[in-house]
Each structure stands twice: as C-alpha cells, then as structure tokens.
Amino acid sequence: MHGRRDGRSGRAAAAAQQDDAAPRAVAHVVRPEDHLREEPVTDAHLDGQAAEERAARRAKVAALRDAGRDPYPVRFDRDATAAGLHASHGDIDAGAETDVEVRIAGRVLLLRRQGKLIFATLRDGTGAVQLFVSKAAIGDEGFAEIDDLDLGDWIGVTGTVMKTRKGELSVAVRSCTLLAKSLRPLPDKWHGLADVETRYRQRYVDLISNDEARRVFEIRFAIIGAIRSALSERAFLEVETPLLHPIPGGATARPFVTHHNALDLDLYLRIAPELYLKRLIVAGLEKVFEIGRVFRNEGISTRHNPEFTMLELYEAFVDYTEMMALTEELIACAARAAIGTTAVTWDGHDLDLAPPYRRRTLIDLVRDHAGVDVHPSQPVGDLQVMCDRLGVTYDDEWGPGKLVLEIYEKTTEHAVVEPTFVLDYPREVSPLARAHRDDPVLTERFELIVGGREIANAFSELNDPADQRSRFEEQARLASMGDVEAHGVDDDYLRALEYGLPPCGGMGMGIDRLAMLIAGVGSIREVVLFPHLRPEGG
RNA sequence: GGGCCGCUAGCUCAACGGGUAGAGCGUCGGACUUUUAAUCCGCAGGCACCGGGUUCGAGCCCCGGGCGGCCCA
C-alpha cells in the first residue's frame, strides 16, 4: 500500500448442566421493576399493524406474568441440538416413534397450525428440526400455550424423537417453555429481508431470516479459523500488539486520531500492526502472526470499510519467495476449510485458488497489458510522456517509482484476474521493503492479485537501519509537501532495527477481501457483520 | 466528490396519462389430527423518506434535504 491512495487491505500498505429429576426453565418471582421494561423502545412513530402486533405480543408477556410465569426465564438446560438429532436419528423410518426423550431449544421460525395438530420449525445454532404437537398428547392447556406462540419466539421443549408419515424428523412435544418472547414480527418467511440498508443496520434480523447471510459469515469465520490453525501448525506464535499507536505506521493511509486523557497524548488507531510485529522478530520470536482490526480514515465503498481485518505474519531467515508459498497454501487451505473446494466464482470469473499461483513481475505485466516498457530508473519526463499517452493522470512531484506504480494500477492491475503474485514494486513506493538483490530501484515485494484486486502484500523485510532511516526521511519529505498518507518516522522502530532484525519475510492479507473471494460476494459489507453506515434518520 | 437508480402496509413487491393506493406473506377471527412457504374462508392494517413548489387535485411533475445501492474519480 505504499504510495497507494485507496487504502487497500494489504499489510504495508452449553455444556448443558443436567439437573436430576425434571430440569426446566426456572421461573422466578416477578420483580417490581419488570413493568418498567415493558415500555415500548421506540415505536412512537409506528402506526397500525406494527404497533398493534407489538401491543398484542406485549399483552401476552403481561398475561404470563399475571399467571405467575416468567416470560424471560434465566436458563434452559438442553441435551440435544437440531443437527445432533438429524445425525443420531435421521435414518429412522417414516412414521416411527421412539421413546428417546430430548430437551431442545431454539427460535420458532414457522408454525403450521392444523386443528388439533401443530407443526413448528424450530431453529437452533446447528440447524432446524420440526416440532410435532398433538393436542391429544399434550393436553388442552399445553396445546393452547403453543398455539399462542408467535413467529420469532425462543422456546425450549421436551419431547420424544419421531418421524412423521411424510418422513420429517420431528420432536413430539410433551412440554414447552417460552424462553424469550419476540415482540417484533419477522420479515417475510419466504423472501426474508431484502432491503440492503435494513440488512446492514439490523444484521441480527438479516441473520435470522436469510440463509445466504448465515452462509457468508460461516465462511468468513471458517477462513479465520483455518488460517489460525494452519499457522499454529507451522509453529507461528499468535500475538497481540497495540491498537493505539503514538505514530501511525506500517502502511500509507490516513489514521483515526484519539486522545488519551491521563497522558494528555494524541494517539492513532493503528493502520497496520507491521512495525510492532517486526519488533518481535528483533526480540527473537522468529515466527509471529496477528489477526486483527486495522483502521483507515478513508472513504466507504464496496471494497472499503473504515475498520477491517488483517492478517500479518513474519518469519525470520526467509525472504519473499517463502511468503509466496505460504500465502498460496494458506488461501487454498482456507478455501477448502470454508467451502470444501478451491474453485470459486468471483465477479463473473471462474477461478481456482489451488497453488501454485502465477508469478510475474510488475514490469512484465505492464508490458503485456499497456504495451510499454517502464522502469523506475527511467527519467521522470519520459514516464510522464508515457502517462500522457496512456491517459494516466499524475502529479508533477511524483518520482519515477510512483509514476510506474500509477501506470500499473491504471492500466494493468484490474486486468490481472487469475491468482497472480505481482513481483518487484518500485522502491520509492515501498518504504518498508528491502531493496531488490538484483536491482536497487526495485524491492523484493509482491502483491497477490486475484480478480483484479489486491488480496495480500508481502516483502523481504528491510532490516538495514541506515536504509530504513533514509526511507523514513524521504517519507517525511513527502509529508512536508502535503502528502497526508506519507509514512511517519518512528524512531523507536529505528532503534529496534539497530539491535538487529534478522533477515525475514513478512506478509499481510486482507481477510475481508479473502472472505469476499471465497464466499463469492461483491461487497465488503456482505462479509462485515456490522458495516459502518451513516446514522439513521439523518 | 460526480453520475445514475431506489425509498409505497410489519416484510416482499405492484399499479396509474397527475384524480387521496393493491397483492402475497405475516397479523387478527373461523375451519382443519401428518403439515413442509400447509390449505381454505373472512376482517383489519397506509403521514407513500422529510420539507417546499406547480396544480382544482401530487405517491406520480419540479426544487431542496436525508438514507441506501451501483458506477466513476
């Protein structure tokens, strides 16, 4: 992300406790303050049906309290889950009734009332199972209580495992306890919640009603879990470094500023963990990684959320070629863990994330796509002429490296579709990367581009303190000329380098973008649970 | 920051050349002992995002604002 303006994601840049006899939800005395809680939250603006429905549901809560029952009992001890039942009893015969008694809890999603029978769909964290309620079996009173449930209510039931004549695995309900009343109606049971804005603002409703939303987040968190365990297996140590930085560093991006009152000190939410992680390599930890949030005070778009999740890792004694191997292994491993395959479709492209990925230098790719030979050793004037010819706009102060990068980004990057390690970025735009062993105006740096978008960024790390100091000084010069994204000078980091940073490779990966890629979704907001939006109601 | 699009019942969506709005789901009432988005019958439910303007009359046309989506910078 050195020198990049768009702030991309890369680095530099119940156990159920079983009581004996008849465990059940524990009712308790109605507390005097309970009635206060029944004041509506914010539905003064609601009219008609919505208000009536909530009033009706609140009345049910009040009726329960009047009857000495707790509509929000403290706990429910379950001994079965939906998925567990399907696994253990999925193969019993249609029409079979077992005497296996289970206690299961979840949210009521569908109710099919049919006279003296009620079928309900109950969903818990593992899946869904049908409830079968027979008036004859449960008695008039128990039946009436279930008949009184609303879609969205949380309940716990006891019952026996059976299968209906049509072959649907069910729990024949013997008793049912309301665990939490839902006061608001769920979205359309078939279409779910479609309004994008409401889906983001009320993600809890999105996740209740949309299978696709749940699928995407299962993928996201499977990816993170897979990466974490893959790195642990490779003896990487997971560490935590500060989120509050006295000097924002490790990337070129505008930071969020905050203030520590006791110290009377401005601090910055980190834009990258890089410099702290490399301090740990100085310390001798050798293989470290961190998965965590970084913050960049930039625009919000399909590809940018002001806070996003980054993986950064560093390994002593290796260079960026090892980082390539590790990057492609991690991505393939994450894809297999999350969706069972490395074949994905993204933005209309069918892609295979199985290693090895193509490796091409940035300069070669620009030659292929833009038809020009560029190199940061060329005179600025020549590169400006090339920009003019290619329709690439630039600032007069830009050096040759920045011009080369700009030409690449405007003409080439978006066209790099298949997973590709783009190698050897200009030194001028890579202030934390080691100079290339064969060409000092380049660095040993790659970005992994997939579908035209950056997924990861890595280097052979710059460990020469004198070189690093001069890079910082150059950044300070840019800052003094008004570049708000220029890298800050971090004297303590330089001091650390003077103790000796062993040769090492480092890599940063945007987890949100990886999740988008593997889940096949086009907006970062689809993979962030609670994306940032402007406040409601202006 | 610019362009285009959207905002109508709790949810999903319609309609019309300007003439104060419809359906499905859900709710409410009724029927129903093997349903699967159950089905069938019936009743309710609307400050059309907000504010101005034009008009006899605006959800629709015009202006301003809000929030969102997509594309571009």
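Source: prediction; values computed, not measured. Numbers restart at 1 for each chain; the letters A, B, ... are given by sequence-line order, proteins then strands.
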Engineer: Looking only at N and O atoms, is any donor in the side chain of Asp188(A) or the base of G24(B) less than 3.5 Å from an acceptor on the other one?
Structural biologist: yes

Engineer: Kindly point out which of C67(B), U12(B), C25(B) is positioned nearest to the side chain of Glu197(A)?
Structural biologist: C67(B)

Engineer: State which of C70(B), U36(B), U33(B) makes the closest approach to the side chain of Gln130(A).
Structural biologist: U36(B)

Engineer: Looking only at atom P, what distance separates C28(B) and A14(B), rounded to whole Å?
Structural biologist: 27 Å

Engineer: Using atom C1' of each nucleotide, how far apart are U33(B) and U20(B) to the nearest Å?
Structural biologist: 48 Å

Engineer: Does the cation-pi check pass for Arg203(A) over Phe530(A), that is, NZ or CZ under 6.0 Å from the six-membered ring centre and within 45° of its axis?
Structural biologist: no

Engineer: Without decimals, in angstroms, what is the distance between Glu53(A) CD and A44(B) P?
Structural biologist: 18 Å

Engineer: Nearest-Å distance, NE2 (His532(A)) to C1' (G68(B))?
Structural biologist: 17 Å

Engineer: Please measure how far the P atom in C47(B) lies from the corresponding atom in C5(B), and state the result in whole Å.
Structural biologist: 28 Å

Engineer: Which comes earlier along RNA chain B counting from the 5' end, the contact point of Leu151(A) or that of Lys116(A), where each point is its nearest nucleotide?
Structural biologist: Leu151(A)

Engineer: Does Ser134(A) make a side-chain N or O approach to OP1 or OP2 of U34(B) shorter than 4.0 Å?
Structural biologist: no

Engineer: In whole angstrom, give the distance that lies between atom CZ of Arg199(A) and atom P of G10(B).
Structural biologist: 21 Å

Engineer: Taking only the side-chain heavy atoms of Pro185(A) (C-beta and beyond), determine which of U33(B), G10(B), C28(B) contains the nearest atom.
Structural biologist: G10(B)

Engineer: Between G19(B) and C25(B), how far apart are the two C1' atoms, rounded to whole Å?
Structural biologist: 31 Å

Engineer: Any Lys/Arg nitrogen of Arg360(A) or Asp368(A) sitting under 4.0 Å from an Asp/Glu carboxylate oxygen of the other?
Structural biologist: yes

Engineer: Without decimals, in angstroms, what is the distance between Leu110(A) CG and U36(B) P?
Structural biologist: 11 Å

Engineer: Can you tell me the distance, in whole Å, between the CG atom of Leu117(A) and the P atom of U34(B)?
Structural biologist: 6 Å

Engineer: Nearest of U36(B), U34(B), A37(B) to any side-chain atom of Arg112(A)?
Structural biologist: U36(B)

Engineer: Determine the contact category for Ala56(A): base if any of its heavy atoms lies under 4.0 Å from a base atom, sugar-phosphate if only primed atoms, P, OP1 or OP2 are that close, otherwise nothing.
Structural biologist: nothing

Engineer: Identify whether any heavy atom of Gly192(A) sits under 4.0 Å from a base atom; if not, whether one sits that close to sugar-phosphate; answer base, sugar-phosphate or nothing.
Structural biologist: sugar-phosphate

Engineer: Can you tell me if Thr443(A) uses its side chain to pair, donor with acceptor, with the backbone of Tyr425(A) under 3.5 Å?
Structural biologist: yes

Engineer: Determine: side-chain N/O of Thr393(A) to OP1/OP2 of A73(B), distance under 4.0 Å, yes or no.
Structural biologist: no

Engineer: Please determine if Glu53(A) and Arg184(A) form a salt bridge, counting it only when a charged side-chain N lies under 4.0 Å from a carboxylate O.
Structural biologist: no

Engineer: Need one value for Ser209(A): base, sugar-phosphate or nothing, where a base atom within 4.0 Å counts as base even if backbone is also close, heavy atoms only.
Structural biologist: nothing

Engineer: Identify whether any heavy atom of Leu186(A) sits under 4.0 Å from a base atom; if not, whether one sits that close to sugar-phosphate; answer base, sugar-phosphate or nothing.
Structural biologist: nothing

Engineer: The side chain of Arg113(A) lies closest to which of these nucleotides: U34(B), U27(B), C67(B)?
Structural biologist: U27(B)

Engineer: How far, in whole Å, is C43(B) from U36(B) if one measures between their P atoms?
Structural biologist: 25 Å

Engineer: Please report the distance, rounded to the nearest Å, between CD in Glu168(A) and P in U36(B).
Structural biologist: 11 Å

Engineer: May I ask you to say what Lys189(A) touches in the nucleic acid, namely base, sugar-phosphate or nothing, with a heavy-atom cut-off under 4.0 Å?
Structural biologist: sugar-phosphate

Engineer: When all nucleic acid strands are considered with a 4.0 Å heavy-atom cut-off, which category describes Phe132(A): base, sugar-phosphate, or nothing?
Structural biologist: base

Engineer: Which value, in whole Å, describes the distance between the P atoms of nucleotides A58(B) and G2(B)?
Structural biologist: 32 Å

Engineer: What interatomic distance, in whole Å, is found between P of C56(B) and the corresponding atom of G68(B)?
Structural biologist: 38 Å

Engineer: Would you indicate which nucleotide in C70(B), C11(B), G26(B) comes nearest to any side-chain atom of Ser523(A)?
Structural biologist: C70(B)

Engineer: Within this structure, what is the CG-to-P distance between Asp206(A) and C11(B), rounded to whole angstrom?
Structural biologist: 14 Å

Engineer: Using atom P in both nucleotides, what's the gap between C63(B) and G45(B) to the nearest angstrom?
Structural biologist: 36 Å

Engineer: What's the NE2-P distance between His414(A) and C71(B), to the nearest Å?
Structural biologist: 15 Å

Engineer: Pro187(A) side chain: which of U36(B), U33(B), C11(B) is closest?
Structural biologist: C11(B)

Engineer: If you assign Ser170(A) and Ala194(A) each to the RNA chain B nucleotide with the nearest heavy atom, which residue ends up on the more 5' nucleotide?
Structural biologist: Ala194(A)

Engineer: Mark yes or no: Arg103(A) above the aromatic ring of Phe76(A), with NZ or CZ under 6.0 Å from the six-membered ring centre and no more than 45 degrees from the axis.
Structural biologist: yes

Engineer: Hey, would you say the Phe132(A) and Phe119(A) ring centroids sit under 6.0 Å apart?
Structural biologist: yes

Engineer: How far apart are the C-alpha atoms of Tyr394(A) and Asp388(A), what are their side-chain angles, what is the distance that settles it, and do they pass the side chain to side chain donor-acceptor pair (under 3.5 Å) test?
Structural biologist: CA-CA 9 Å; Tyr394(A) 53 86; Asp388(A) 292 336; 3.2 Å; yes

Engineer: G10(B), G68(B), C28(B): which one has an atom nearest the side-chain heavy atoms of Arg534(A)?
Structural biologist: G68(B)

Engineer: Just checking Asp266(A): does its CG atom have more than 12 heavy atoms from other residues, nucleotides or ligands closer to it than 6.0 angstrom?
Structural biologist: yes

Engineer: So what is the 5' to 3' dot-bracket string for RNA chain B, if pairs are Watson-Crick or G-U wobble with both distances under 3.5 Å, crossing pairs use [ ] and | means the partner sits on another strand?
Structural biologist: (((((((..((((.....[..))))..((((.......))))......(((((..]....)))))))))))).

Engineer: With the side chain of Leu193(A) defined as its heavy atoms from C-beta on, choose the nearest nucleotide among U12(B), C28(B), G26(B).
Structural biologist: U12(B)

Engineer: Which distance, rounded to the nearest 0.5 Å, do you find between the CG of Leu448(A) and the CZ of Arg513(A)?
Structural biologist: 11.5 Å

Engineer: As a test of reading the structure: which of U36(B), U12(B), C70(B) is closest to the side chain of Asp195(A), going by heavy atoms?
Structural biologist: U12(B)

Engineer: For the CG atom of Asp512(A) and the OG1 atom of Thr309(A), what is their distance to the nearest 0.5 Å?
Structural biologist: 5.0 Å

